[in-house]
Amino acid sequence: MAADMGTDDYPHEIDEQLTGFDSSASSVKTMLEKLMSMPRNDLTQNLDPLDQAKLDLMSAYTLNSLFWMYLVTQGLNPREHGIKQELERIRTHMNRVKEITDKKKAARLDKGAAARFVRNALYEPDEKDPKKKAASKKAANTSDNVPSKRLKQS
């Protein structure tokens, strides 16, 4: 009867979920063991400051999430614990790092190239015949300055 009690500690409907949780917890454990086995200097020596910040935020978020899960397994409400504020603080910093990363990836405007595109799009080739050129300039000037004629009323 004691052997039956070990398998009857939880409802069988959640057996699949518990198996999935166990495999996820095992994979997290192996990843953390790999991370913890290496000295921090070896991890960060080839990383730029942004990648170091990502690594630190990922580590802090992982540990705080594990603590959240621990509180749940102990029957405590983590929403009423200080861990919620800590996770929100880390999430805020993660969003800030994401914004910085997105700004780095965003396309930049080359003002010189844009000016050349506009200038060449509006470019009108010079006429080869100087007489035609002078005539077209004169026509352009006179069409702008044509005085309107008034009819005299008697």
Side-chain angles (χ1 to χ4, degrees), residues 1-130 132-134 136-137 139-141 143-144:
M1 192 173 213
D4 290 334
M5 194 62 155
T7 59
D8 290 336
D9 287 347
Y10 59 91
H12 292 288
E13 294 85 25
I14 63 169
D15 189 42
E16 192 174 308
Q17 293 173 340
L18 288 175
T19 304
F21 178 77
D22 184 48
S23 66
S24 297
S26 297
S27 65
V28 168
K29 181 181 177 185
T30 57
M31 293 297 284
L32 283 175
E33 286 173 350
K34 287 180 187 177
L35 187 64
M36 300 299 284
S37 68
M38 298 174 68
R40 178 160 164 70
N41 291 339
D42 292 347
L43 287 172
T44 59
Q45 77 185 50
N46 294 332
L47 298 177
D48 64 344
L50 190 60
D51 288 334
Q52 287 179 8
K54 288 179 183 179
L55 178 68
D56 290 340
L57 287 169
M58 183 267 315
S59 300
Y61 194 81
T62 301
L63 291 173
N64 283 300
S65 296
L66 289 172
F67 187 69
W68 176 285
M69 287 186 277
Y70 171 76
L71 290 175
V72 170
T73 61
Q74 298 303 309
L76 299 173
N77 186 0
R79 289 182 179 91
E80 296 172 358
H81 194 273
I83 195 69
K84 181 180 179 189
Q85 288 80 19
E86 183 65 17
L87 284 169
E88 288 177 11
R89 185 182 72 84
I90 294 169
R91 228 180 267 132
T92 302
H93 291 294
M94 291 172 96
N95 288 335
R96 178 69 179 131
V97 167
K98 186 178 184 307
E99 287 175 14
I100 293 170
T101 304
D102 290 345
K103 283 182 183 179
K104 276 184 154 182
K105 291 180 184 177
R108 299 221 191 297
L109 177 65
D110 185 359
K111 292 180 182 178
R116 288 190 300 275
F117 278 121
V118 171
R119 184 183 66 228
N120 290 331
L122 299 175
Y123 178 73
E124 294 180 18
D126 292 336
E127 295 178 15
K128 293 185 179 186
D129 188 9
K132 287 183 182 177
K133 187 177 180 181
S136 66
K137 279 188 178 180
N141 288 336
S143 66
D144 291 341

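Worth knowing before you read on, the calculation uses all heavy atoms, side chains too, and leaves out hydrogens, waters and symmetry mates. Residue numbers start at 1 and run along the sequence shown.
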Undergrad: Partners of Tyr70 by side chain to side chain donor-acceptor pair (under 3.5 Å), sequence neighbours excluded?
TA: none
Undergrad: Taking side chain to side chain donor-acceptor pair (under 3.5 Å) as the test, write out the residues that go with Gln52, two or more places apart.
TA: none
Undergrad: Excluding sequence neighbours, so at least two apart, what forms salt bridge (Lys or Arg N to Asp or Glu O under 4.0 Å) with Arg116?
TA: none
Undergrad: Could you list the residues that satisfy side chain to side chain donor-acceptor pair (under 3.5 Å) with Lys84, not counting sequence neighbours?
TA: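 Partners of Lys84 under the side chain to side chain donor-acceptor pair (under 3.5 Å) test: none.
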Undergrad: Identify, with sequence neighbours excluded, every residue that meets side-chain contact (heavy atoms from CB on, under 4.5 Å) alongside Met69.
TA: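 Expected list: Phe21, Leu66.
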Undergrad: Mind checking salt bridge (Lys or Arg N to Asp or Glu O under 4.0 Å) for Glu16 and listing every partner two or more places apart, or none if nothing turns up?
TA: none
Undergrad: Thr101: which residues meet the side-chain contact (heavy atoms from CB on, under 4.5 Å) condition with it, sequence neighbours left out?
TA: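 So Thr101 forms a side-chain contact (heavy atoms from CB on, under 4.5 Å) with Leu50, Lys54, Val97, Lys105.
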Undergrad: According to side chain to side chain donor-acceptor pair (under 3.5 Å), who are the partners of Arg40, at least two apart in sequence or on a separate chain?
TA: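 For Arg40 the side chain to side chain donor-acceptor pair (under 3.5 Å) partners, ignoring immediate neighbours, are Asp56.
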Undergrad: List the residues meeting side-chain contact (heavy atoms from CB on, under 4.5 Å) with Ala25, not counting sequence neighbours, and say none if there are none.
TA: none
Undergrad: What salt bridge (charged side-chain N to carboxylate O under 4.0 Å, His left out) pairs are there with at least one residue in residues 74-83, not counting sequence neighbours?
TA: none
Undergrad: Tell me, which pairs form a side chain to side chain donor-acceptor pair (under 3.5 Å) where one or both residues lie in residues 24-35, sequence neighbours left out?
TA: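 Sorted pair list comes back empty.
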Undergrad: Asp102: what forms a side-chain contact (heavy atoms from CB on, under 4.5 Å) with it, not counting sequence neighbours?
TA: Lys98
